[in-house]
Structures are given as C-alpha cells and as structure tokens.
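A short write-up of the structure that comes next.
A note on names: the letters A, B, ... follow the listed sequences, proteins ahead of strands, and every chain is numbered from 1.
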Number of protein chains: 2
Amino acid sequence: MHTTTRVVDTVNMLEGPGAARPYHHGNLRAALIATAVDQARAGGADAVVLRDAARRTGVSHNAAYRHFADRDDLLAEVSERAMAELEQRMRDRLADLPDDDRGEPASARLRAVGREYVHFALAEPGLFATAFACARPKDGAPGQGPYGVLSTMLDELVTTGVLPAERRPGADVTCWAAVHGLAVLCLQGPLRDLSEREREEQLDGLLERLSRGL
Amino acid sequence: MHTTTRVVDTVNMLEGPGAARPYHHGNLRAALIATAVDQARAGGADAVVLRDAARRTGVSHNAAYRHFADRDDLLAEVSERAMAELEQRMRDRLADLPDDDRGEPASARLRAVGREYVHFALAEPGLFATAFACARPKDGAPGQGPYGVLSTMLDELVTTGVLPAERRPGADVTCWAAVHGLAVLCLQGPLRDLSEREREEQLDGLLERLSRGL
DNA sequence: GTGTGCATGTTGCCGGTGTCCACATCGCGT
DNA sequence: ACGCGATGTGGACACCGGCAACATGCACAC
C-alpha cells in the first residue's frame with residue numbers, strides 16, 4: 001500500500017536545518033503519528049493536539065486532514081500504537097524470563113506479565129491512558145493485544161494442570177481487571193501518592209491473592 | 001462560612017421565566033457546580049465547560065472566576081460530588097440488604113458493595129469517570145469515601161472470623177482494584193461491547209474469585 | 001517528451017473555549 | 001449616608017478543531 005517511486009528517503013525524514021523539505025512531505029502520515037505519540041507520551045490523550053502536531057512536524061495545520069478524518073482518527077492511531085507498545089513490553093518481559101521459570105509454576109509467568117502491565121502503566125502514564133482513551137472501538141483479532149498475551153498465559157496454566165479447566169472461563173477478565181484497576185488507581189486514583197515501595201507491596205499482594213483465587 | 005442576611009431564597013433559585021434575577025445571583029457557586037455536575041453526568045470530565053455552564057446558569061462567562069480559580073478548580077468540585085454520590089449509592093445498597101444477610105457470610109455484603117460499584121460506573125459513566133479524573137489530589141480522611149466503605153467491610157470480615165487478620169493488610173487495595181478495573185474496562189476498554197448478561201457473569205466470576213483469593 | 005489529473009499541502013476563515021483586564025453594580029458595615 | 005469590597009459584565013487575546021478555496025507537483029497517458 002502507498003507504493004512510491006520517489007527518490008527521496010521516505011522513511012528517515014529527520015530533517016536537517018537546511019533540509020528545505022519538498023512541497024510534499026512524502027511521509028506525513030507516519031510523521032504525524034510519531035509526533036502525536038510523543039504528545040500522548042508526554043501528556044496523555046488530551047495532549048494530542050492536531051495543530052501542534054502539524055506545527056512540530058513542520059507542516060501547516062490542515063495538512064493532517066489529508067491523512068486523518070479528524071482528531072479522533074489520529075487519536076485512534078496513537079491508541080493503537082500505545083496498545084502495541086504495551087503488548088510488546090509484556091512479550092519482552094516474558095522472553096526475558098530465565099528458562100528456570102519455564103517448567104515450574106506457570107503462575108510465575110502470569111505474575112511477571114501482570115507486574116509488567118502495571119510497571120508499564122506507571123512508566124508511561126500518558127501512553128497507557130491513551131491506549132484506552134480511544135473513542136472508536138477498534139475490534140482486533142481476539143488473540144492479539146495485551147489481552148491475547150494474558151489469555152495465552154491462562155491457557156498455559158490449564159494445560160500445566162495448575163488451573164482446573166472449568167475455572168478457565170472468565171479468569172482472563174478477572175486478571176485483567178485486577179491489574180488494570182491497580183494501574184489506574186495508582187495513576188489517577190487515590191493511590192497516586194504511594195511510594196514506589198508501597199506500590200510494589202500492593203502489587204505483590206494483589207498478584208498473590210489473584211493467583212490464590214483463580 | 002458565607003453567611004448572608006439577604007432576603008431572597010438562596011437555596012431554591014430555579015428561576016421562573018420572568019424572574020429577572022438580581023444583579024447578584026446569590027447562589028452562583030452552588031448553581032455552577034450543579035450545572036457542571038449535569039455536564040459531567042452527560043459527557044464526562046471533558047464535557048465540563050466553563051462558558052457553557054455559566055450560560056446555562058444564566059450568568060455571563062467570567063462570573064465563574066469569582067468562585068473558582070480556573071476550570072480545574074470547578075472540575076475538582078464536581079469530582080468530589082461524583083465521588084460522594086458513588087459512596088452514597090454503596091451505603092444505600094448496604095442499607096437495603098435484608099437483615100438475613102446481616103449475620104451470615106459478611107462476604108455477601110462485600111460482594112454487594114462491589115457489585116454496586118460496577119453498577120454505578122455503568123449507570124453513570126460520566127460521573128464515574130469525572131470522580132477519578134480530577135487533576136488536583138484532594139486528600140480526604142482515609143476512612144471516608146468509597147474506599148472507607150470497602151475498608152469497613154473488610155474489617156467486618158476480620159471480626160467475623162472469615163478473613164484471617166494477617167491477610168487483612170492490602171486486601172482493600174486488591175478488592176478496589178479488581179472492581180474498579182472491571183468497571184473501567186467495561187466503560188472504555190475492550191469489554192465495552194459486552195451484553196448486560198455477559199457483564200453480569202463476568203462480574204459474578206470476578207467477585208467469586210476475589211473472595212476466594214482473599 | 002509533454003501535458004493534464006489528482007493527491008497532497010497552504011492560506012484563510014469560522015465558531016468555540018479558557019483566561020486576563022477594565023468597568024459596572026450593589027450589599028453591608030462604619 | 002456613604003464608600004468599600006464582593007460579585008457580575010463586556011471585551012480582548014490566544015489557541016483549537018474543522019471547513020473551503022487555492023497552490024503545487026508527481027504520475028501516468030499519449
């Protein structure tokens with residue numbers, strides 16, 4: 001899609017000072033999204049501002065409307081990237097786990113994923129909030145996204161025999177809700193002022209209770 | 001505070017058509033908050049708009065600045081009311097419980113509170129979101145608010161002997177996070193399109209796993 | 001090679017909002 | 001009675017999202 005035979009490098013458009021970009025940017029859509037992601041990272045969904053994004057990208061306002069129907073459309077794109085980054089972090093965390101934990105209690109893997117979920121939320125509050133602030137319901141494949149990762153973990157628990165199969169349905173939602181709730185409460189809720197240590201303790205407690213109740 | 005000897009009724013200022021309100025409204029602060037709460041109820045925090053609130057209250061824009069430092073200040077007030085309404089609903093739900101449940105598993109009462117929490121979020125999404133969308137961290141007494149209700153329930157569980165005392169610390173956060181997370185995911189997350197029945201099932205599952213894991 | 005069509009980017013404009021400033025009005029205490 | 005301070009008003013500015021009309025230049029047909 002969007003094939004082009006233009007000579008200019010359409011990917012690495014980090015313009016130098018005297019770049020004098022051509023009339024046609026060549027990569028505007030991606031560049032705008034990147035700028036908007038920066039905005040979201042810095043200040044959440046509200047900080048995603050069309051005019052400012054265009055300005056920072058070195059293009060006039062309104063240029064964005066050739067690539068996005070409206071602000072919400074751009075925001076949806078940012079939300080998607082944020083969600084993807086969250087998923088990637090969870091997968092990376094899983095991959096980093098020592099193989100020792102591979103065979104033994106798969107619940108350790110589940111805990112690691114949950115912990116990473118909360119850590120991401122606290123490390124990237126803007127992106128985390130934007131990931132879920134999308135007004136447009138973008139229906140993705142059910143096995144994809146952070147939910148997919150979590151779901152896979154739980155399936156693993158069943159095959160390992162740790163989790164009785166009859167208790168599997170609904171377990172994903174419970175796990176997700178608990179972890180998501182803690183993240184939200186720590187970000188904008190009454191747990192905002194917890195120290196890092198207290199937060200970690202609460203997270204540990206939650207994960208323990210969660211696996212106990214599965 | 002704000003004592004007044006004026007003759008006009010400062011409480012019930014639902015102006016009739018030919019009311020011709022005096023130059024000084026007499027009750028502006030409360031009236032503006034009420035209007036803002038309506039806005040929040042209808043569309044969440046973003047729908048709280050100073051100029052529109054002033055307009056609807058029948059006063060010029062800028063009048064609000066005599067009572068609120070800025071928009072965030074008004075929003076904080078709305079957030080407080082929303083939180084109070086959530087708390088009230090939880091307390092009402094508790095009071096409505098038949099006395100039969102009084103002595104028996106106090107966990108039933110805990111479940112009822114949790115269920116009401118989610119129900120409120122779904123019934124009043126705007127207020128629920130605004131309750132937590134406050135930028136200003138308003139530190140209330142720790143025993144107050146929805147958290148206080150929940151905390152009391154858990155203390156009850158300990159005195160009833162259902163919950164071992166050593167497991168009490170942190171249990172409040174876990175419960176709150178789980179219920180809050182489910183609410184958020186149903187409102188703006190990927191569980192948005194669940195049918196009422198599915199939602200109720202997931203809620204049941206969550207509450208069951210929660211009490212099992214306490 | 002040349003010329004035109006269409007995607008892309010630009011300037012201009014409108015309505016709406018938050019916030020500051022100067023001014024108007026009126027209640028209350030001296 | 002009077003004047004001061006609290007309260008409300010109108011105007012102005014900057015910013016934003018979104019439309020419309022215009023400009024530019026790449027791509028493809030011939």
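Between D/dC19 and A/Tyr65, no contact under 4.0 Å exists linking OP1 or OP2 to a side-chain N or O.
Checking D/dA12, C/dT10, C/dC13 against the side-chain heavy atoms of A/His61 singles out C/dC13 as nearest. The side chain of A/Arg66 lies closest to D/dC22 when the candidates are D/dT9, D/dG18, D/dC22. Checking D/dG11, C/dT11, C/dT8 against the side-chain heavy atoms of A/His67 singles out C/dT8 as nearest.
Every residue was checked against the salt bridge (charged side-chain N to carboxylate O under 4.0 Å, His left out) condition with A/Arg51, not counting sequence neighbours, and none meets it. For A/Ala54, the side chain to side chain contact (heavy atoms under 4.5 Å, CB included) partners are A/Val59, not counting sequence neighbours. For B/Val113, the side chain to side chain contact (heavy atoms under 4.5 Å, CB included) test picks out B/Met90, B/Leu94, B/Val149, B/Met153, with sequence neighbours left out. With sequence neighbours excluded, the residues satisfying salt bridge (charged side-chain N to carboxylate O under 4.0 Å, His left out) with B/Asp70 are B/Arg136.
Between B/Asn62 atom CG and D/dG10 atom P the separation is 10 Å, expressed in whole Å. D/dC16 atom P lies 17 Å from atom CG of A/Asp72, rounded to whole Å. Distance A/Phe68 CZ to D/dG17 P: 13 Å, rounded to the nearest Å. Put simply, CZ on B/Arg56 is 10 Å from P on C/dT17, counting in whole angstrom units. Counting to the nearest Å, the P atom of D/dC15 and the CZ atom of A/Arg71 are 17 Å from each other.
Within a heavy-atom distance below 4.0 Å of DNA chain C, the residues of residues 32-55 of chain B found are B/Val49, B/Leu50, B/Arg51, B/Arg55.
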Checking salt bridge (Lys or Arg N to Asp or Glu O under 4.0 Å) for the pair B/Arg91/B/Glu87: CA distance, chi angles, key distance, verdict?
CA-CA 6 Å; B/Arg91 292 198 187 279; B/Glu87 176 185 1; 2.9 Å; yes
Let me check something: any side-chain donor-acceptor pairs from residues 123-135 of chain A under 3.5 Å, sequence neighbours excluded? List them with distances.
residue  : atom : partner  : partner atom : Å
A/Glu124 : OE2  : A/Arg41  : NH1          : 3.0
A/Thr130 : OG1  : A/Ala45  : N            : 3.3
A/Thr130 : OG1  : A/Gly126 : O            : 2.7

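A side-chain N or O of A/Thr57 and one of A/Thr35 form a donor-acceptor pair less than 3.5 Å apart.
Bending across the helix from C/dG1-D/dC30 to C/dT30-D/dA1, expressed as the angle between its end axes from five pairs apiece, amounts to 10° (10° rounding).
A salt bridge (Lys or Arg N to Asp or Glu O under 4.0 Å) check over residues 58-67 of chain A, counting only residues at least two apart or in different chains, returns nothing. Residue pairs meeting the salt bridge (Lys or Arg N to Asp or Glu O under 4.0 Å) criterion with at least one member in residues 201-214 of chain A, sequence neighbours excluded: A/Arg115-A/Asp204, A/Arg197-A/Glu201, A/Glu208-A/Arg212.
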